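As structure tokens, the structure follows; a few thoughts come after it.
It should be emphasised that the depicted structure is a prediction, and the values quoted were computed from it without experimental measurement. All chains are named by letter (A, B, ...) in the order of the sequence lines, taking the proteins before the strands, and each is independently numbered beginning at 1.
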Amino acid sequence: MPTQTFTLNVNGHQRTVDCDPTVRVLWVLRDLLGITGPKYGCGLDVCKACTCHINGKAFNPCSVQIKDIPAGAEITTIEGLAAADGTLHPMQQAWLKYDVGQCGYCQPGQIMAAVAHVKEARANHVPIDDALFDQIRNVCRCGTYHRIREAIVEGAANMP
Amino acid sequence: MADVAQRPTQGNGRAASGASSNGDGISRRRFMGYLLAAPTVVAAADMLAPSAAQAAGIPTIQPVDFYDLTDLLTQSTEPTWALIKVVVNADSTVSFALPRAEVGQGITTAVAMTIADEMGISLEQVQISLADATPDLIFNQFTGGSNSMHSIFTQVRVAAAVARDQLLKVAAALLDGLPTELSIADGVLIAPNGRRATLGELTKLAATDRTRRVQTLLKPVSSFTLVGKPQPRIDALEIVTGTKQFAMDLKVPGALPTMVCRPPDIDGRATKINNLSQILGLPGVTDVALIPHTSFVPGGVAVRAQTFGQCIDAIQQMDVTWAPGPVSGLSEADVLKELQGSELPLLTPPLGTSIENVFTFNFRPGDPLETNCAIADVKPGSAEVWASLKSPIWAQEQLAQILGLSIGAVTVHVVQGGGSFGRHLFSDNAFEAAAISKAIGKPVKLMWHRTDNFRQGRVHPMCTSRVRATYLGNNVLTFDQRHTSVATDFSMGFGEILSATLATEPLGNLGYAETVFTLTQNVPYNFGLVTQLINEAYQYDTFNTGSVRNIYSPDVVTATEVTVDQLANALKMDRYQFRRSFVRDQRLKAVLDKVATVGNWGRKDLPSGWGQGIAIHREYKGAIAVMVEIDCTSATINRPLPDGISGITGPRVTNAVIAVDVGLPINPLGLEAQMQGGLMDGIAQALTYSLHLQNGHYLEGSWDNAFYTRQWNAPLNVQVIVMPPTGANPGGAGELGCAPSMAAVACAYGAATKTVPTTFPINYNAPLPFTPLPTSPPIPQSPTDGLSQEF
């Protein structure tokens with residue numbers, strides 16, 4: 001399959017890559033663009049370590065081909081979650097407050113998933129509770145789940 | 001937030017010469033150290049004078065009450081303390097290359113706190129990196145046995161104290177004061193006359209052009225301002241912004257993504273690539289090479305491409321001829337038979353009434369979330385490797401042998417790891433990357449697929465544990481345990497090639513297993529005559545086993561504590577009160593009482609179908625108790641998850657309380673995190689997490705097959721209580737929480753269901769709740785419907 005040229009809007013920047021149209025977005029980000037915040041944990045849309053946002057909604061780039069990214073879509077990785085002036089997102093601040101991370105490998109995905117779940121809960125007028133936590137599939141082998149819960153409650157309270 | 005009292009109590013450090021008391025009960029120990037010839041202040045500790053224990057040699061079998069694995073590992077570091085260097089830089093920072101692996105356990109933070117306190121500088125001034133492999137360190141660059149803080153604490157303090165003394169001496173001359181009158185605040189040295197100098201100003205003046213042996217006095221721990229107080233990780237900001245770098249995030253020129261097509265059998269061998277030219281013609285592919293399976297390199301057919309996605313694509317299409325692996329055709333039922341045939345006999349004559357159980361603990365995955373990976377650049381005459389390694393000296397020495405190079409021609413960089421849990425004691429990531437780089441003559445960025453990690457990765461060995469306890473009246477007369485395990489691979493020894501070689505000699509591995517077992521396992525109760533013995537089945541390398549987090553203890557302690565519950569019931573005693581009566585260690589009694597009180601043991605309003613469990617454990621110089629409540633009601637067990645999510649939702653641990661006494665807690669916040677992690681591990685091991693061996697391979701290949709604790713399994717309430725200091729040295733924390741957590745969950749499950757659970761995890765023999773992935777191709781293609789899953 002011949003390579004094609006794709007233009008992506010990642011973290012507010014236009015980025016152009018030449019690649020096979022079936023390459024999953026995770027590898028476009030990591031291997032071709034050098035954006036390494038999203039982590040590989042399974043490549044099966046199961047562990048959620050690579051969670052990023054597309055137009056503000058969470059998705060897993062390990063399971064999306066580059067050709068399927070709609071033109072003009074805005075992709076945000078963990079590196080682009082803070083405000084342009086560097087102010088951390090309230091969810092990142094909550095993660096610091098509860099010192100959630102251990103090895104840190106899954107945490108970019110955890111934070112990106114948490115932000116999207118809270119936004120979705122708000123849109124659906126449902127509370128941040130155990131039913132919401134049941135929707136979080138992200139694996140953390142260090143076992144930071146309890147602090148993640150605490151941080152999501154805190155981060156949600158401070159999200160605008 | 002952790003609950004820590006600041007009152008120090010009697011120190012328990014091993015005596016050194018010239019101890020003096022400062023009145024608060026903690027000995028201030030005099031140590032010798034070195035000021036090293038360098039352009040700025042560089043200080044090191046001297047080796048400890050041999051103690052009586054060392055002069056007698058390392059004991060072979062002694063009860064852990066007198067000598068344990070922590071002592072052995074720490075003593076082995078002592079001859080090389082002089083190589084541990086604290087460097088004071090001209091920019092007023094202090095740097096330290098830590099000869100241990102950081103894999104999430106928080107030792108970089110704890111060591112930075114220790115250096116800052118001993119020197120009187122701020123935490124921000126301390127820069128911790130991970131040391132490259134340094135063979136001169138011998139046993140002092142090994143990360144295992146939860147021993148890092150225990151073994152590094154004093155040596156790094158001595159080096160920091162020598163540097164501090166020298167800076168004070170020079171500052172005194174410069175600022176017209178006496179060294180004893182000077183104070184250090186946030187790294188600035190201040191004389192009584194108000195004059196001040198920074199570390200950066202002093203370090204060149206204080207440097208020495210010849211190495212000198214000097215004496216120093218450690219500060220009393222009670223004067224520390226950071227140690228003992230909750231401190232967030234020093235890399236927390238990098239973690240939450242995605243800038244923390246792991247091996248696969250490093251940009252090494254020319255190191256392109258590389259993966260390996262692996263055999264259907266565990267440790268099968270690739271013999272031929274049948275469609276080489278086709279694979280070489282695939283988009284992005286630059287190289288394909290057959291990598292022979294050896295003792296050190298798992299191997300298969302390697303493919304290097306522009307992206308990892310193209311490596312996965314290529315593996316889907318590979319046609320490889322395989323030779324079977326050492327366990328070809330074997331299933332877990334065969335392994336169980338082999339274990340049963342290898343069990344050592346119980347010798348104690350039955351006295352009184354006996355209770356006897358045989359527990360089966362199935363294979364469990366041992367790999368962390370970051371898959372096995374390494375970068376290697378092998379050139380003619382030299383090699384450079386980047387990887388998370390807990391035995392980097394052994395890795396470097398072995399790499400030199402594999403590549404036919406001198407040790408000095410091999411550079412091994414230790415990179416922070418995305419978890420380890422014992423996995424990175426093995427260096428197969430580095431060996432395999434180097435073998436591929438050598439084969440194709442180019443740098444490679446090798447990454448395993450998740451499915452490879454489940455199916456070809458390191459596992460917690462399957463084992464059985466027979467326990468027989470006898471009692472008469474209100475006393476337990478005997479307690480015997482026969483632990484029979486698939487051999488645990490100790491081929492990395494204690495991180496250095498000489499000890500590793502011993503492990504691969506005939507009976508050498510069993511010697512290691514017996515040593516580790518004897519120096520760690522214990523029954524913490526007054527049960528009369530107690531015997532605990534281990535035997536192993538298979539060779540150390542038949543299965544890819546490893547010392548997965550806390551190796552023997554989760555299973556040994558679970559078998560013990562479930563039996564203790566039965567004894568309590570037989571003696572008609574409350575299970576907590578029974579433990580309280582028989583426990584033979586005051587520190588254990590204190591943590592036991594703490595969790596029972598905080599956890600509301602025996603509460604009358606416990607819902608029907610729920611159970612409480614309580615367990616204790618001592619290891620790594622620490623004492624710990626865990627109490628949990630579990631909900632085994634059918635509503636919880638059958639609780640559905642939202643659409644599209646597969647997982648096991650019950651039974652569910654709802655509440656957990658952990659009380660931990662590690663001697664001297666360095667960072668209570670990090671300690672709390674480690675205990676929570678041990679809890680999540682224990683829940684998984686008791687209830688859901690396992691591997692099924694069928695026809696020479698494991699059926700599990702995804703996180704949705706192997707059910708590690710997920711958010712829907714996490715307890716609703718978790719409380720960790722860090723006990724006030726009971727010693728002058730930090731014990732180990734990384735693995736301490738696993739065993740008593742697993743045991744407490746098992747006991748709670750038994751209480752809730754009124755059964756004696758003997759097979760773990762408890763859902764092991766239920767119908768498989770997933771469809772196994774095929775073994776050919778060995779890894780699944782990634783989905784393409786990710787956008788339909790967005791939320």
ask   = Taking C-beta and beyond as the side chain, do L679(B) and I683(B) meet within less than 4.5 Å on heavy atoms?
value =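 A side-chain contact exists here, since the closest heavy-atom pair is under 4.5 Å.
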
Under 3.5 Å side-chain donor-acceptor pair for [X] and [Y]:
{"X": "S388(B)", "Y": "E370(B)", "result": "no"}
{"X": "D704(B)", "Y": "S702(B)", "result": "no"}
{"X": "E672(B)", "Y": "N667(B)", "result": "no"}
{"X": "R450(B)", "Y": "T371(B)", "result": "no"}
{"X": "T51(A)", "Y": "N60(A)", "result": "yes"}

With a 4.5 angstrom heavy-atom cut-off, could you sort out which part of [X] is near chain B: side chain, backbone, both or neither?
{"X": "I148(A)", "answer": "side chain"}
{"X": "D134(A)", "answer": "both"}
{"X": "I136(A)", "answer": "both"}
{"X": "E120(A)", "answer": "side chain"}
{"X": "C140(A)", "answer": "backbone"}
{"X": "P38(A)", "answer": "neither"}
{"X": "H117(A)", "answer": "both"}
{"X": "L44(A)", "answer": "both"}
{"X": "R137(A)", "answer": "both"}
{"X": "A82(A)", "answer": "neither"}
{"X": "V23(A)", "answer": "side chain"}
{"X": "L26(A)", "answer": "neither"}
{"X": "C106(A)", "answer": "both"}

Please classify the contact of [X] with chain A as side chain, backbone, both or neither, using a heavy-atom distance under 4.5 Å.
{"X": "L716(B)", "answer": "both"}
{"X": "M447(B)", "answer": "side chain"}
{"X": "L641(B)", "answer": "side chain"}
{"X": "Q676(B)", "answer": "both"}
{"X": "V103(B)", "answer": "backbone"}
{"X": "F454(B)", "answer": "neither"}
{"X": "L237(B)", "answer": "both"}
{"X": "D367(B)", "answer": "backbone"}
{"X": "D681(B)", "answer": "side chain"}
{"X": "P257(B)", "answer": "side chain"}

ask   = So Y689(B) and Y708(B), would you call those rings parallel, tilted or perpendicular, with 30° and 60° as cut-offs?
value =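 If you compare the ring of Y689(B) with that of Y708(B), the planes turn out perpendicular.
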
Residue from I35(A), L29(A), V28(A) passing side chain to side chain contact (heavy atoms under 4.5 Å, CB included) with R15(A) =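 The residue from I35(A), L29(A), V28(A) that satisfies side chain to side chain contact (heavy atoms under 4.5 Å, CB included) with R15(A) turns out to be I35(A).
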
message = Do R30(A) and Y40(A) form a cation-pi contact, if we require the NZ or CZ to be under 6.0 Å from the six-membered ring centre and within 45 degrees of the ring's axis?
response =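 Judged by the rule (NZ or CZ under 6.0 Å from the ring centre, within 45° of its axis), R30(A) is not positioned above Y40(A).
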
request  = Establish, for the pair R149(A) and Y145(A), whether the NZ or CZ atom is under 6.0 angstrom from the six-membered ring centre and no further than 45 degrees off its axis.
outcome  =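 So R149(A) doesn't make the cation-pi contact.
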
query = Do the charged groups of E102(B) and K244(B) touch, with an N to O distance under 4.0 Å?
reply =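 Here E102(B) does not pair with K244(B) in a salt bridge, since their nearest N and O are not under 4.0 Å apart.
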
inquiry  = Quick check on the interface: out of R639(B), Q231(B), R549(B), who has the most heavy-atom pairs with chain A under 4.5 Å?
reply    =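 Of the candidates given, the most pairs with chain A belong to R639(B).
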
